[in-house]
Protein chains: 2
Amino acid sequence: MKQRINIVELARHLGLAVSTVSKAINDRGDVSDATKRRVLEAAEKFGFSPDPAGRRLRTQTSETIGFVLSPPQTHFAHPFFLDLLMGIDQNLSQTPFQLIIVAGRTLETELDSFRRLVERQRVDGVMFGRTRRDDPRIRYLQERNVPFVALGRSETGKPFPFVDIDRTVAGRNGTARFIGFGHRRIGLLSTPGYLMISHLLQEGYRAALKAAKLPFDADLVVETGTSEEEGLNGARRLLALSDPPTAIMCGHDLIATGAMQAIAETGRRPGVDIPVIGCDNHPLGPYLNPPLTTFSAPTFEAGRRMVDLLLALMDGRSAKELQEIWSPELILRSSHGSQLVAAGEI
Amino acid sequence: MKQRINIVELARHLGLAVSTVSKAINDRGDVSDATKRRVLEAAEKFGFSPDPAGRRLRTQTSETIGFVLSPPQTHFAHPFFLDLLMGIDQNLSQTPFQLIIVAGRTLETELDSFRRLVERQRVDGVMFGRTRRDDPRIRYLQERNVPFVALGRSETGKPFPFVDIDRTVAGRNGTARFIGFGHRRIGLLSTPGYLMISHLLQEGYRAALKAAKLPFDADLVVETGTSEEEGLNGARRLLALSDPPTAIMCGHDLIATGAMQAIAETGRRPGVDIPVIGCDNHPLGPYLNPPLTTFSAPTFEAGRRMVDLLLALMDGRSAKELQEIWSPELILRSSHGSQLVAAGEI
DNA sequence: GTTATTTACGAAATCGTTTTCGGAGATTTC
DNA sequence: GAAATCTCCGAAAACGATTTCGTAAATAAC
């Protein structure tokens, strides 16, 4: 390991006091431009940069923000969160903060990950996603008074900062689109019920039905996990109904993938006989059969923005002004019933 | 923020010296079992755990290992690396180390990410993937003498620890399979040439040709990026040849996805008229049209193992004994020419 | 019963930084 | 020209842990 120089040796080399050098490096006041320049040059020359350990000890900050990947694992075998991480990192790398990530193992032990993060690692801030209607993570963080920002809103606790890609509009617009095509019985394959996005999706779904004066039929909505297999099973249940849906709105592209599989199993053509719409714009959507119509999810940008919000929060801004709801946009491919589209819809 | 207790206050409460408390907490010798138990109980009661900043300052370690995501971004909109991270984290969470991740922006600035990691953050170890035949990252880390483990081997520098999911066997076995089906002209759609996996894939490809006494035709191998679009374009070039391949081996499932698209464009049926095999077992492979035959890539396990190797290296073990080459296994679906399989192959 | 050895604990130094406070010199004000 | 105000820099005190080394008591050896 190459020999490192510390701030006192650097100061000695310069014939200055350590305090002066420190102030120069951190661009605090009380040091002339001339010496500041001199210090910076010397630091560059000797390859000096302050040891984080020393600085953190003194300033009582960890310069660290933690991101916890939600369980279960299969949910994250998904480009979504990697994009999010990329966005977070890109923004964070412009700051002194570093990003540490931990993975919650199961729903039960997930809180332990949070505890380790704040009580042992002492992170300065926390980020996470997949908010739930009733979310113990939020309660914990608010109780400990640690700054955090979530991907998704929640019904839990006091106001907190979030970026929310609004599932309500996906549910409403997707369903409305099917209704516009003449469908009367529309299936909803939702993500797990405890998730906030599931609740919002169903709200949008109901709103669209109501606007069209269509009845709500509880048989038509089934909650599944966020995977292809679970989407497959959910769709099978839907299709086995005595009066099955003629179109299916899905809470996630992976679910939609399974759903199209289930439709094909019955000998019908997904996207033609039974149209399907997903959510979150999975990169392989265009390569499915048929190409999947879906709603956008600008996760990279969401990651960037979450960092902005967290920084603002730590800067003293109030949580209420740091809440953003983004509307996803419909991405038309062909699984939603392209023959109608071809007939003049676009 | 809840009031924290530090080690001197804890010691005062116990009527012990700080040194004794410290030794008890870290289970170093020189403290009786009785007082050790007493200290541990008190620590639990007061919710004390040592401040990482203080400990790191004193011990001159960062207790941090860094993972750098390779550029370009599109390569990572891929479950592969998320699984790897999950594996790494699962193993690392059993140790005092924390995982910090950074994303290399471009190939040019990637080294800066490494430099920031070791020279500023002062991580104790580094991990990364997508090794290259000539890899400046390896040179840098070896020169600085920082412990690291890579996903993939390389031709660069002195021996270092790695886990390598052997692309040679994918190239060889995939190609041999096609040859066994009677194909004489087999296309190879490889990942970018600078990557080690590309080199190994081609080696395997050539080996299979040689074993079957088939000629090598440079026109039949084209290197593309690791994305669907690039796979699409690469396959178009292959299919536009005057004497085009009758089967295509791909260095990646995303490439294979694009290739099947390209085949369909020409009016032929991918997997039937022109069989295709990919690599890395993308979770959506089974849902492509046709379902994609591919090679396994146990990335979660690889992540776990990489942590073992890194820890062993930091523990003084020699790099040479910390190199593992894993053979991927063929996962038969139907894109490799299922009609032949149905005819008795399985 | 004396001496040698072990065992258990404590005092103090140390890691590298930031920050407070004070003061000398330069500059402005009246 | 004296007083007041700025500018710039330095000495020293934290921050919270670990580790070395010394020493008293307890045990073992003879």
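Bear in mind that the values here come from a model prediction, so they are computed numbers and not experimental data.
- Distances shorter than 4.0 Å separate none of the side-chain N or O atoms of A/Asn6 from OP1 or OP2 on C/dC15.
- Among the heavy atoms of the strands lying under 4.0 Å from B/Ser32 are primed sugar atoms or P, OP1, OP2 only; no base atom is included.
- Relative to the side chain of B/Gln60, the nucleotides C/dC15, C/dA11, D/dC9 differ in distance, and C/dC15 lies closest.
- Checked against a 6.0 Å centroid threshold, the rings of A/Phe160 and A/Phe148 count as neighbours.
- In terms of phosphate contacts, A/Thr20 brings no side-chain nitrogen or oxygen within less than 4.0 Å of OP1 or OP2 of D/dC9.
- If B/Lys23 and B/Gly54 are placed on DNA chain C by their nearest nucleotide, the residue sitting closer to the 5' end is B/Lys23.
- Close to C/dT19, at under 4.0 Å from its OP1 or OP2, lies a side-chain N or O of A/Arg28.
- Closest approach of A/Lys36 and A/Asp27 over heavy atoms only: NZ-OD1, 2.8 Å.
- Which of D/dT18, C/dC15, D/dG10 sits closest to the side chain of B/Arg55 comes down to D/dT18.
- Following rounding to the nearest Å, A/Ile25 (CD1) and C/dT17 (P) show an atom-to-atom distance of 9 Å.
- Mapping B/Thr59 and B/Thr35 onto DNA chain C by nearest heavy atom places B/Thr35 closer to the 5' end of the strand.
- Using a cutoff of 4.0 Å between basic side-chain nitrogens and carboxylate oxygens, A/Arg132 and A/Asp134 are not scored as salt-bridged.
- Judged by atom type and distance alone, B/Ser19 reaches the base of C/dA11 through a side-chain donor-acceptor pair under 3.5 Å.
- If you measure from atom CZ of A/Arg38 to atom C1' of D/dC8, you get 13 Å, rounded to the nearest angstrom.
- Neither OP1 nor OP2 of D/dA14 sits under 4.0 Å from any side-chain N or O of A/Arg58.
- Annotation: cation-pi geometry not satisfied between B/Arg133 and B/Tyr194 (NZ/CZ under 6.0 angstrom from ring centroid, within 45° of ring axis).
- Looking at the side chain of A/Pro50, the nearest of the listed nucleotides C/dT17, C/dG16, D/dA11 is C/dT17.
- When heavy atoms are screened at a 4.0 angstrom cut-off, B/Asp30 is found touching base atoms of the nucleic acid.
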